[in-house]
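See structure below.
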Amino acid sequence: MQRRFFSLLLAATVVAAASVLLLSGCAGHPRSPFASADSESVSSADKHSITVFAMDTVMELTVYGSDDVLSKAEDLISSLEKNLSVTDESSEIYAVNQNGGGRVGDDTRDLIAQSLTLCERTGGALDISVYPVVRAWGFTTGEYRVPSGDEITELLTFVDYNAVTISADNTVSLKRGMKIDLGSVAKGYTGDRLAELLTENGVASATLNLGGNVHALGAKPDGSPWKIAITNPLGAGTAGAIQVTDKAVVTSGGYERFFEENGTTYRHIIDPATGYPVDNDLASVSVIGDTGLVCDALSTSLFVMGLDHAIDFWKGSSDFDAVFITTAGQIYITEGLEETFVPLGDYKEADVTVIRHD
Ligand code: ADP
Ligand code: MG
């Protein structure tokens, strides 16, 4: 009963999420941003928003207080995108991939270094060197195709994050034929950097929606937590909502970017162990934690792992919570979300299984 009442209260969140969905639809990515921070009940007087299209995503930044910092935020996004893009021929990553290595700036170095730690932590479910395979499937260009088994086997010989090194003077080196792609972590890192910039500029309350990556800075101006909607990965609308203060909420889902050929759907997240798009029991994974980078890396890699392995991974960790939605429409949440998670929409009556540390 109490839970039902709570669901009604949270229904307003869906409205906020839907407006973001509409916005992103205009830019040609109707299903990309799917979680939204809602700001209902906050005075709109000091609320300032900008929409930026970057990193192939519609980004919506909303700050409470002064809006002076928004142009700096936009500049920061542009400069990170310029360095990190795998397709922009003037980016640092592009140069590294063309030349088998080279000097990079501090941002790129930091992100590569931290990503490699996460590749290791996830046992290679995250692998920033999976790019030759991602590219062969056409996921970065939109020229989709199903590579032959022989082609995948050949390309997998270039996939090994252990062979990526960075020296003290910011020089990256790759093994011959390797190429790296920070697409699985760039938005999370950008969210962290933006949150840092806003904090330095005196902003205590903000929501940064970077297309599926939400960074909630502080609490709402009235001190209450932000409500973040989690999109239904199997249909329309919202599957649920959580409440957070000062957290990143990052979702990876098979529905974000995919193509179909001969009745088979191929999704944009690749299992580096096989070279094939992930096709397991998960429809989406949302990861909630203090850093966007970690959440982004883990949402991608837990999606690769599948439900059982992802649950084991969570049990061995202490720095995040997660919402798993399976292809069968079941919802699993980790125990830290038990108090605030509410199923919504098609999932309103769904059983929610709480995963606990043993
Ligand atoms: P999105 O950026 O679309 O929200 P993700 O954060 O899950 O989604 O990142 C997916 C992107 O990361 C893919 O488009 C591809 O470029 C790259 N990628 C795919 N599979 C992997 C993987 N196993 N490890 C690292 N990067 C991957
Ligand atoms: Mg990711």
Side-chain angles (χ1 to χ4, degrees), residues 3 34-35 114-128 130 161-162 184-185 188-189 191-192 212-216 225 228-234 239-254 267 269-274 277-343 347 350-358:
R3 180 148 215 163
F34 48 80
Q114 292 181 61
S115 300
L116 290 173
T117 309
L118 287 152
C119 293
E120 180 83 39
R121 178 176 167 192
T122 59
L126 183 81
D127 192 325
I128 59 169
V130 79
Y161 66 88
N162 287 300
S184 60
V185 288
Y189 178 73
D192 291 335
N213 285 40
V214 175
H215 206 112
I228 310 290
I230 310 274
T231 284
N232 174 6
L234 300 170
I242 56 171
Q243 296 188 41
V244 298
T245 299
D246 225 8
K247 293 272 185 240
V249 181
V250 179
T251 302
S252 286
R267 301 182 170 82
I269 297 178
I270 301 285
D271 182 347
T274 64
V278 168
D279 181 18
N280 60 26
D281 52 2
L282 290 174
S284 73
V285 179
S286 303
V287 175
I288 298 94
D290 291 336
T291 47
L293 168 61
V294 171
C295 293
D296 201 358
L298 294 183
S299 67
T300 305
S301 42
L302 298 188
F303 190 74
V304 171
M305 289 177 197
L307 183 64
D308 288 347
H309 184 181
I311 288 174
D312 287 345
F313 185 90
W314 174 79
K315 287 184 176 173
S317 306
S318 57
D319 58 344
F320 71 96
D321 273 294
V323 178
F324 301 103
I325 302 182
T326 68
T327 51
Q330 304 147 314
I331 300 184
Y332 292 77
I333 62 171
T334 59
E335 60 187 344
L337 304 175
E338 194 174 4
E339 296 301 316
T340 70
F341 180 83
V342 178
Y347 297 79
D351 283 333
V352 176
T353 305
V354 180
I355 308 159
R356 300 179 193 286
H357 283 292
D358 297 325

Could you go through Met305 and Thr122, starting from their C-alpha distance and side-chain angles, then the distance that decides it, and tell me whether this counts as side chain to side chain contact (heavy atoms under 4.5 Å, CB included)? CA-CA 9 Å; Met305 289 177 197; Thr122 59; 3.9 Å; yes
What's the verdict on side chain to side chain donor-acceptor pair (under 3.5 Å) for Tyr347 and Asn232, showing C-alpha distance, side-chain angles and the deciding distance? CA-CA 8 Å; Tyr347 297 79; Asn232 174 6; 2.7 Å; yes
Residue pair [X] / [Y], side-chain heavy-atom distance below 4.5 Å:
X: Ile333; Y: Asp321; value: no
X: Asp319; Y: Thr291; value: no
X: Leu126; Y: Ser184; value: yes
X: Thr340; Y: Pro225; value: no
X: Gln330; Y: Thr353; value: no

Tell me the closest heavy-atom pair linking [X] and [Y], and the distance in Å.
X: Arg356; Y: Trp314; value: C-CZ3, 3.6 Å
X: Glu335; Y: Val354; value: CA-CG1, 3.8 Å
X: Ile228; Y: Val214; value: CD1-CG1, 3.7 Å
X: Ile270; Y: Pro272; value: O-CD, 3.1 Å

CG-OG1 distance between Leu234 and Thr326, expressed to the nearest 0.5 angstrom: 7.5 Å
